[in-house]
Amino acid sequence: MTRPATADPAALSAGTPDDADLSLMLLIRAFELKLLDLFGRGLLNGTTHTCLGQEYIPVAMEGLLDPRDHVFSNHRGHGHYLARFRDPAGLLAEIMGREGAVCAGVGGSQHIRRDRFLSTGVQGESLPVAAGVALHLKRAEPGRLACVYVGDGTFGEGAVYEALNIASLWALPLLVVVENNGIAQSTPTARHLAGSIAGRAAAFGIDHHLIGTSDVAEIRRTLEPLVARVRARSTPLVVEFATRRLGPHSKGDDTRPAQAVQALREQDWYAWCAAACPGRFPRLDAEARAHIDAVAAEVTARGPSRWEGAGWERAGRERAGWERARWERAGWERAGREQS
């Protein structure tokens, strides 16, 4: 597979983000860096997958989405959540298992459910679920859509193609956002994906649009009529972002040469925004870092989260009783057959 070329963002971008968009991008950047810092200090357990380098994508997309749209995220989904809810404290509490966690600490970094937002760490799982939700929206809430974020590596999952087939066949309002960062865990895209993502979309008769810039305003101008068509005509669309992953796959498992990562950093939106906005960038960057520092200190001081799952416990007891009765009945039936 020949990966879509990415040009220097400064050359592609006619403008820079406004304060609101830039602040949000910097907030996500600061949050992800803080996670790596907390892991390095032994204050977090498990794993996490940062979206360093890709922050502009959910920020740009959120400006095109309606609060009643459904958003499906993946293992690298902190930016998707933060762009949607601007809630670093709730997300960090979830990852740390502290009071105030979004999902009471049982979802962690990858499995978040809030309102119409759902993330999963299972590759390819969200696309067929999103297709089912898109079918519901088509019937019950016309004008709404299901937006699902996937990576280039997800195209190795068969469920992706089943979902694309159904989305095209049934004309579903499904917006597939592909964050093609050129590497799946530690395998370059060229070594795991033959053909192209555009070709895969075309095979199902689905429109495809490639985005090669990190200019948020330009992205929105380009995609606004395309997303509007998904809503109005109830038709699927694949939007592919040729982007960069600056961090490791999870925490310390980056096998790329240092010079390759440095080359990506030189193309990063952070670098060109800093150069293009020498007046406001340092101030907004400092504000974002200070805010995340304060959030981390406050969340770390909280007590552990508690899962108030009385309803689930009751359902579990009821199911256990049902299972016990079923097995007892089976034993009686077996005893009856033996006696006969």
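Side-chain atoms of Lys34 and Val295, non-hydrogen and from C-beta on, never get closer than 4.5 Å to each other. Counting heavy atoms from C-beta on, the side chains of Ser126 and Asn74 never come closer than 4.5 Å. No side-chain heavy atom of Leu22 sits under 4.5 Å from any side-chain heavy atom of Asp18. Between Ile292 and Pro88 there is a side-chain heavy-atom pair separated by less than 4.5 Å. Contact check for Glu218 versus Thr213: side-chain heavy atoms found under the 4.5 Å cut-off. Residues Tyr56 and Thr243 are in side-chain contact: their nearest non-hydrogen atoms beyond the backbone lie under 4.5 Å apart. Between Leu33 and Leu52, the closest side-chain pair of non-hydrogen atoms falls below 4.5 Å. Inter-residue side-chain proximity for Phe39 and Asn45 is flagged as unmet; no heavy-atom pair is nearer than 4.5 Å.
The two residues Ala131 and Leu174 make their nearest non-hydrogen contact at N-CD1, 4.2 Å. In terms of heavy atoms, Ala93 sits closest to Arg302 at CB-NH1, 3.7 Å. Closest of all the heavy-atom pairs between Pro17 and Met25 is CG-SD, 4.1 Å. Nearest heavy-atom pair across Leu24 and Leu82 is CD1-O, 3.9 Å. When all heavy atoms of Leu65 and Cys147 are compared, the pair lying nearest together is CD2-CB, 4.1 Å. Minimum interatomic distance between Gly143 and Arg231 (heavy atoms only, all atoms of both residues): O-NH1, 3.0 Å.
Between the side chains of His78 and Thr50, not a single donor N or O lies within less than 3.5 Å of an accepting N or O.
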Q: Check the pair Arg280, Asp19 against salt bridge (Lys or Arg N to Asp or Glu O under 4.0 Å), reporting the backbone distance first and the verdict last.
A: CA-CA 8 Å; Arg280 59 193 176 102; Asp19 279 8; 2.8 Å; yes

Q) Can Thr222 and His209 be said to form a side chain to side chain donor-acceptor pair (under 3.5 Å), step by step? A) CA-CA 9 Å; Thr222 300; His209 193 87; 5.3 Å; no

Q | Verdict with reasoning, Thr120 to Glu125, per side chain to side chain donor-acceptor pair (under 3.5 Å) | A | CA-CA 7 Å; Thr120 174; Glu125 179 184 37; 2.4 Å; yes

Q: Could you please spell out the steps behind the side chain to side chain donor-acceptor pair (under 3.5 Å) verdict for Thr16 and Trp272?
A: CA-CA 9 Å; Thr16 55; Trp272 71 261; over 6 Å; no

Q | Worked verdict on Arg200 versus Tyr161 for side-chain contact (heavy atoms from CB on, under 4.5 Å) | A | CA-CA 8 Å; Arg200 284 162 166 75; Tyr161 303 97; 2.9 Å; yes

Q. For Arg220 and Asp21, what are the C-alpha separation, side-chain angles and deciding distance, and is it a salt bridge (Lys or Arg N to Asp or Glu O under 4.0 Å)?
A. CA-CA 12 Å; Arg220 289 180 185 150; Asp21 287 334; 2.9 Å; yes

Q | Evaluation steps, side-chain contact (heavy atoms from CB on, under 4.5 Å), between Val176 and Val239 | A | CA-CA 6 Å; Val176 182; Val239 176; over 6 Å; no

Q: Begin with the C-alpha distance, continue with both residues' side-chain angles, and end with the deciding distance and a verdict on side-chain contact (heavy atoms from CB on, under 4.5 Å) for Val71 and Val148.
A: CA-CA 6 Å; Val71 176; Val148 55; over 6 Å; no

(Q) side-chain contact (heavy atoms from CB on, under 4.5 Å) for Leu26 and Glu55? Distances and angles first, verdict last. (A) CA-CA 8 Å; Leu26 291 169; Glu55 298 92 339; over 6 Å; no

**Q.** Evaluation steps, salt bridge (Lys or Arg N to Asp or Glu O under 4.0 Å), between Arg84 and Asp69
**A.** CA-CA 11 Å; Arg84 190 76 170 162; Asp69 291 333; 5.7 Å; no

Q | Step-by-step salt bridge (Lys or Arg N to Asp or Glu O under 4.0 Å) determination, Asp285 to Arg29 | A | CA-CA 9 Å; Asp285 192 27; Arg29 172 65 58 98; over 6 Å; no

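Using modelled atom types, one side-chain atom of Thr300 and one backbone atom of Ala296 make a donor-acceptor pair closer than 3.5 Å. Distance alone, capped at 3.5 Å, is enough to place a donor-acceptor pair between the Asp215 side chain and the Ala217 backbone. At least one donor-acceptor pair closer than 3.5 Å links the side chain of Ser119 to the backbone N or O of Gln110. Under a 3.5 Å cut-off, the side chain of Arg283 and the backbone N or O of Gly279 do not form any donor-acceptor pair. Remark: side-chain polar atoms of Arg113 are not paired, donor with acceptor, to backbone N or O of Leu118 under 3.5 angstrom. Judged purely by atom type and a 3.5 angstrom limit, Lys138 uses its side chain to pair as donor or acceptor with the backbone of Ala171. Not one N or O on the side chain of His208 forms a donor-acceptor pair closer than 3.5 Å with the backbone of Gly199. No donor-acceptor pair closer than 3.5 Å links the side chain of Ser168 to the backbone N or O of Leu164. Of the possible donor and acceptor atoms, none in the side chain of Arg98 sits under 3.5 Å from a partner among the backbone N and O of Ser305. Between the Glu94 side chain and the Gly108 main chain, a donor and an acceptor come within less than 3.5 Å of each other.
For the atom pair CD of Glu32 and OG1 of Thr48, the computed distance is 6.5 Å after rounding to the nearest 0.5 Å. Put simply, CZ on Phe31 and CG on Asp87 are 9.0 Å apart, with the number rounded to the nearest 0.5 Å. With rounding to the nearest 0.5 Å, the separation of CD1 in Ile197 from CG in Asn180 is 4.5 Å. Separating the CZ atom in Phe241 from the CD atom in Gln54 is a distance of 10.5 Å, to the nearest 0.5 Å. We find the CD1-CG distance between Ile28 and Leu91 to be 10.5 Å, quoted to the nearest 0.5 Å. Going from atom CG of Leu43 over to atom CD1 of Ile95 covers 13.5 Å, rounded to the nearest 0.5 Å.
Cluster annotation: Val133 and Ile206 are assigned to the same hydrophobic cluster (Ile/Leu/Val/Met/Phe/Trp/Tyr, side-chain heavy-atom contacts under 4.5 Å, transitive). At a threshold of 4.5 Å between side-chain heavy atoms, the hydrophobic network of Ile, Leu, Val, Met, Phe, Trp and Tyr places Val177 and Leu226 in one connected group. Note on Leu135 and Leu127: separate hydrophobic clusters, where clusters join Ile, Leu, Val, Met, Phe, Trp and Tyr whose side-chain heavy atoms are under 4.5 Å apart, directly or indirectly. Under the 4.5 Å side-chain heavy-atom criterion for grouping Ile, Leu, Val, Met, Phe, Trp and Tyr, Leu137 is not connected to Leu169 through any hydrophobic cluster. Residues Leu237 and Leu172 fall into different hydrophobic clusters, defined by Ile, Leu, Val, Met, Phe, Trp and Tyr side chains chained together at heavy-atom separations under 4.5 Å.
Remark: Glu141 CD is packed, more than 12 non-hydrogen atoms of other residues, nucleotides or ligands lying under 6.0 Å away.
Using bins of under 30°, 30° to 60° and over 60° for the plane-to-plane angle, the ring pair His80/Tyr149 lands in the parallel bin. Taking the six-membered ring for Trp and thresholds of 30 and 60 degrees, His70 and Phe72 have nearly parallel ring planes, at less than 30 degrees apart.
Annotation: cation-pi geometry not satisfied between Arg114 and Tyr81 (NZ/CZ under 6.0 angstrom from ring centroid, within 45° of ring axis).
Salt bridge present: Asp66 and Arg144 bring a charged side-chain N and a carboxylate O closer than 4.0 Å.
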